[in-house]
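Being a predicted model, the structure only gives us computed values, none of them experimental. Note: hydrogens, waters and symmetry copies are ignored here, and every other heavy atom, side chains too, is used.
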Amino acid sequence: MDFITRTRGRGSKLSTGSASARPRSPDDENDRSPPRYAAIKQSICDAVRDGHLKPGDRVPSEAELVQQFDVSRMTANRALRELQAAGVLVRRAGSGSFIAEPKPIGQMIEIRNIAEEIRERGHIYRARVVQNDEIRANADMAALLEVPIGTRLFHSIIVHHEAEFPIQLEERFVLASAAPDYGKIDFTQMTPNEYLTRTAPLERVEHRVRAEMPDARTHSMLGLSDGEPVLRMTRRTWSHSRLVSHAWLTHPGSRFELSAAFSIDD
């Protein structure tokens, strides 16, 4: 349904101080009326507020906005870009622009299964396993898990999706002697967190979080917009007095936030 009320430009003239004046373009924004891109933004925000557009709904494309509002493609693009920057829209290359879900909040203190978190929010979870290989630790990997070079490890890369959107890129190195069946697990049916919690019960956890710009691989796997930062959590876990897992959990900065809450005992 066409939820946006079409606005029309007024054909006026801009005084130049001479006898001649140039015709105003219908997309000219240098007058007292609100900028045309702002009218597009307001219309979309109003539709979200009124319930005509819900999270996950597609909004009109640039070309459709050009026709509906009688504006230039540059103006339509600006409206969509600013709505994306404000977190109202999620733009996916080749798919279009969609109303964003409220940012999911991940727990920093409590180790939770991401599949459960997503399902508790009422959304569909799915995982795409990029790799899950047995390897021998080189110098860098050995340093991550504090083991000798040549130690058997597993290396997995998994993209976790909430609804149709990638929400987390998980890259993990696991000590094979602590989780011998890790390389055989179908991680589209069970998350690494779920398996490791059963196999190597948590004894100690270390978290570090930083915001950074993604590399090309992360940008592609998470379907990020140009210039979009990520939140990258480094998580190390111990079981039976040994370090068993080193993971990087990377989230789109515009679609995720982390929180922590705790009580202070007297």
For the hydrophobic clusters of this structure (ILVMFWY residues joined by side-chain heavy atoms under 4.5 Å, transitively), does one cluster hold both [X] and [Y]?
{"X": "L222", "Y": "W248", "result": "no"}
{"X": "V230", "Y": "V130", "result": "yes"}
{"X": "F154", "Y": "V159", "result": "no"}
{"X": "L144", "Y": "W238", "result": "yes"}
{"X": "L80", "Y": "V48", "result": "yes"}

Any salt bridge linking [X] with [Y]? Criterion: basic side-chain nitrogen under 4.0 Å from a carboxylate oxygen.
{"X": "E134", "Y": "R152", "answer": "yes"}
{"X": "E171", "Y": "R217", "answer": "yes"}
{"X": "R58", "Y": "E64", "answer": "yes"}

[X] and [Y]: side chain donor to acceptor below 3.5 Å:
{"X": "Y125", "Y": "H160", "result": "yes"}
{"X": "R236", "Y": "H246", "result": "no"}
{"X": "Q42", "Y": "D46", "result": "yes"}
{"X": "N193", "Y": "T191", "result": "no"}
{"X": "H240", "Y": "E203", "result": "no"}
{"X": "R172", "Y": "S245", "result": "yes"}
{"X": "N77", "Y": "R73", "result": "no"}
{"X": "R36", "Y": "S72", "result": "no"}

Side-chain contact, heavy-atom cut-off 4.5 Å: [X] with [Y]?
{"X": "Q168", "Y": "E117", "value": "no"}
{"X": "I167", "Y": "I118", "value": "yes"}
{"X": "I158", "Y": "P192", "value": "yes"}
{"X": "L202", "Y": "R204", "value": "no"}
{"X": "T75", "Y": "P35", "value": "no"}
{"X": "M141", "Y": "I135", "value": "yes"}

Quick one: [atom1] on [X] to [atom2] on [Y], what's the gap to the nearest 0.5 Å?
{"X": "L243", "Y": "T237", "atom1": "CG", "atom2": "OG1", "answer": "7.0 Å"}
{"X": "R210", "Y": "R208", "atom1": "CZ", "atom2": "CZ", "answer": "8.5 Å"}
{"X": "R126", "Y": "E162", "atom1": "CZ", "atom2": "CD", "answer": "12.5 Å"}
{"X": "S220", "Y": "L169", "atom1": "OG", "atom2": "CG", "answer": "10.5 Å"}
{"X": "E170", "Y": "M233", "atom1": "CD", "atom2": "CE", "answer": "11.5 Å"}
{"X": "R81", "Y": "E62", "atom1": "CZ", "atom2": "CD", "answer": "9.0 Å"}

Evaluate side-chain contact (heavy atoms from CB on, under 4.5 Å) for L153 paired with L145, printing each intermediate quantity in order.
-> CA-CA 9 Å; L153 306 176; L145 285 171; 3.5 Å; yes

For the pair S225 and V90, evaluate side-chain contact (heavy atoms from CB on, under 4.5 Å) and give the outcome as yes or no after the intermediate values.
-> CA-CA 9 Å; S225 304; V90 175; over 6 Å; no

If I compare all heavy atoms of [X] with all of [Y], which pair ends up nearest, and what's the gap?
{"X": "P252", "Y": "P166", "result": "CG-O, 3.7 Å"}
{"X": "F98", "Y": "G56", "result": "CD2-O, 3.4 Å"}
{"X": "K54", "Y": "I99", "result": "O-CB, 3.4 Å"}
{"X": "P214", "Y": "L224", "result": "CG-CD1, 3.5 Å"}
{"X": "P55", "Y": "A100", "result": "CB-O, 3.8 Å"}
{"X": "H207", "Y": "V205", "result": "NE2-CG1, 3.9 Å"}

Full working for side-chain contact (heavy atoms from CB on, under 4.5 Å) between S43 and F69 = CA-CA 11 Å; S43 182; F69 281 86; 4.0 Å; yes

Tell me, with the steps shown, if S177 and R242 meet side chain to side chain donor-acceptor pair (under 3.5 Å).
-> CA-CA 11 Å; S177 60; R242 57 180 174 172; 3.3 Å; yes

Sidechain-backbone polar pair: D215 side chain, T218 backbone, donor-acceptor under 3.5 Å = yes

Under 3.5 Å, is there a donor-acceptor pair between the side chain of N138 and the main chain of D140?
-> yes

Of V244, T199, L196, the one forming a side chain to side chain contact (heavy atoms under 4.5 Å, CB included) with V174 is L196

Positive for side chain to side chain contact (heavy atoms under 4.5 Å, CB included) with E194, one of N113, I185, I114 | N113

Evaluate side-chain contact (heavy atoms from CB on, under 4.5 Å) for E228 paired with D226, printing each intermediate quantity in order.
-> CA-CA 6 Å; E228 182 176 359; D226 291 342; over 6 Å; no

Derivation of the salt bridge (Lys or Arg N to Asp or Glu O under 4.0 Å) call for E206 and R235 | CA-CA 6 Å; E206 177 186 279; R235 176 183 291 168; over 6 Å; no

Please confirm whether R78 makes a cation-pi placement over Y37, using NZ or CZ under 6.0 Å from the six-membered ring centre and within 45° of the ring normal.
-> yes

Parallel, tilted or perpendicular, as decided by the 30° and 60° cut-offs, for the rings of Y182 and F187 | tilted

